[in-house]
Amino acid sequence: MKRPRIVITGIGGLCGLGTDAPAIWDAMRAGRSAIGPLTNGELHELKIRIGAEIKQLPEHGIDRKQLVSMDRFSLLAVIAAKEALRQSGLVVNENNTHRVGTIVGVGVCGWEAIEENYRAILLEGRNRAAIFTVPKVMPGAAAGQVSMNLGLRGPVFGVTSACSSSNHAFATAMDQLLLGRADAIVAGGTDAPLVWGVIKGWEALRVVAPDTCRPFSADRQGLVLGEGAGMVVLETYDNAVARGATILAELAGTGMSGDASDIVAPTVEGPTSAMRACLADAGLAPEDVDYINAHGTGTKANDQIETAAIRRVFGAHADKLSVSSTKSMHAHCLGASGALEMIACVNAVREGIVPPTANYREADADCDLDVTPNVAKKRDVRVAISNGFAFGGTNAVVAVKAV
């Protein structure tokens, strides 16, 4: 029996590139990078002083009584979810509230609250933590806050798998819909890692670039951290059609795998397996894919290994693919990255535009794909896939089709 189709009817987001999904897409098309000096937080003695931060949050209308229980990563998720639901035209009321849920991917949870409390207790000598520390910090807080702000009483939970979290959230949401546990799910990812403690940890790993992110460029020096959130409204096709919704794209399939190898060093086999699983789940041949939004972190190992994996999966068709890493513009937003990259994939299949890999300077023989350097490309994009590979060897890939 043919399984139900899962479609996207709304999309929202904010990051350094802009405070709503259209602004983010406009910046991506223009190849404009949001990476620059960090100005919003106290950097103390950090060596890393660049990132892609949201300079000013948009008006969001969230009551102050709610804000006091929300860490920044949860607030970003709620703002993005509100935008997605608004675009979808889905009205949540007593008739459908138990059939609409939310699943939110998170990479590092509420570090802003953690840091505030550590400094208050250890440096300032206070004898107790702030009252909302636990509900602010917990990784599932973003999903709970989205549920409360949007009135969603269906399946509600968080997903955490480092940099694959958003794609795992999309895959899990798709499963819930196919199982009949909901008619619509607001799914995506969020993270706000631009705080001293998190940056200090990444500093120790020595994988952060000193100037900017140059994925696939021979002179790349590493990743750059950013903050943001992205959310989409996923629905069964029948539910969307029945209420007269505008369908933006179809979530055609997902694929997941584990490296079972090393906590930080990626393998070729894991990403290869996830991409193949995604194509099989979507009923697609390699030749059906037009665009890959690469994981493309800008580290030496990741970009080389991802290139090799793409060549294994797509064979001769790899030379006909358009590939790009939008992390060159919005930076690596950890658990939010895949959700921001979903904005790129949905708009690529809708408009026939491949966003570029910004900051590219030198060809690398080990990254010999068409990586769309610096300038967006017009081409017919019927199918796009988005790669998410993470520390721990957790891989998740999603496929988006034009409708």
Side-chain angles (χ1 to χ4, degrees), residues 11-17 24 51-54 70-81 84 102-115 136-146 156-173 185-195 197-199 201-202 205 207-208 213 223-232 254 256 263-264 274 293 295-297 302 325-327 330-345 386-398:
I11 194 160
L14 69 167
C15 64
L17 294 175
I24 291 171
E53 64 186 355
I54 302 167
M70 299 170 70
D71 197 83
R72 186 173 178 87
F73 82 112
S74 292
L75 175 58
L76 299 182
V78 172
I79 294 170
T102 183
I103 302 172
V104 184
V106 176
V108 294
C109 77
W111 268 91
E112 190 175 59
I114 292 173
E115 181 142 321
K136 277 186 169 184
V137 165
M138 59 188 189
Q145 294 287 0
V146 169
V156 174
F157 55 94
V159 172
T160 181
S161 52
C163 312
S164 296
S165 298
S166 286
N167 282 0
H168 277 120
F170 294 138
T172 306
I185 293 184
V186 183
T190 184
D191 252 330
L194 299 180
V195 296
V198 177
I199 298 174
W202 281 94
L205 285 171
V207 294
V208 179
C213 181
L223 59 85
V224 175
L225 293 175
E227 63 177 349
M231 302 292 287
V232 303
T254 66
M256 295 169 279
I263 196 68
V264 292
N293 188 297
H295 188 60
T297 61
N302 175 89
S325 172
T326 52
K327 289 185 180 71
H330 54 69
H332 198 341
C333 298
L334 305 183
S337 287
L340 295 170
E341 290 155 12
M342 178 64 84
I343 295 174
C345 289
S386 176
N387 287 340
F389 312 134
F391 282 173
T394 57
N395 311 298
V397 179
V398 298

Test item: Glu227 side-chain N/O and Ile54 main-chain N/O as donor-acceptor pair under 3.5 Å: yes
Heavy-atom donor-acceptor pair, Glu112 side chain to Asp71 backbone, under 3.5 Å: no
Shortest non-hydrogen separation from Met70 to Val78 and the atoms involved: CE-CG2, 3.7 Å
Nearest-0.5 Å distance, CD of residue Glu341 to CG of residue Asn293: 4.5 Å
Distance-minimising heavy-atom pair for Ala84 and Gly12: CB-N, 3.6 Å
Thr190 side chain vs Ala336 backbone, donor-acceptor pair below 3.5 Å: no
Nearest heavy atoms of Val146 and Ala81, plus distance in Å: CG1-CB, 3.7 Å
Shortest non-hydrogen contact from Ala169 toward Gly105: CB-N, 3.8 Å
Rounded distance (nearest 0.5 Å) linking atom CD1 of Ile199 with atom CG of Leu225: 6.5 Å
Gap between atom CG of Leu76 and atom CD of Gln145 - 0.5 Å precision: 12.0 Å
Side chains of Cys163 and His332 in contact at under 4.5 Å (non-hydrogen atoms): yes
CG-NE2 distance between Leu14 and His330, expressed to the nearest 0.5 angstrom: 12.5 Å
Donor-acceptor contact below 3.5 Å, side chain Thr254 vs main chain Ala171: no
Side-chain donor or acceptor of Asp191 paired with backbone N/O of Gly107 under 3.5 Å: yes
Exam field: side chain Ser166 to backbone Ala339, donor-acceptor pair closer than 3.5 Å: yes
Heavy-atom side-chain proximity of Cys15 to Ile24 below 4.5 angstrom: yes
Aromatic ring pairing Phe391/Trp202, orientation class (parallel under 30°, perpendicular over 60°, tilted between): parallel
Reported CE-to-CZ distance for the pair Met231 and Phe170, which is rounded to 0.5 angstrom: 8.0 Å
Flag, side chain of His295 to backbone of Phe389, donor-acceptor distance under 3.5 Å: yes
Close side-chain approach of Thr326 and Leu340, heavy atoms under 4.5 Å: no
Spacing of Ser325 atom OG and Asn387 atom CG [to the nearest 0.5 Å]: 10.5 Å
Contact summary for Ala77 and Val104, nearest pair of heavy atoms: CB-CG1, 4.4 Å
Heavy-atom side-chain proximity of Val106 to Ser165 below 4.5 angstrom: no
Test item: Ser164 side-chain N/O and Thr394 main-chain N/O as donor-acceptor pair under 3.5 Å: yes
Ser386 (side chain) donor-acceptor with Val398 (main chain) under 3.5 angstrom: no
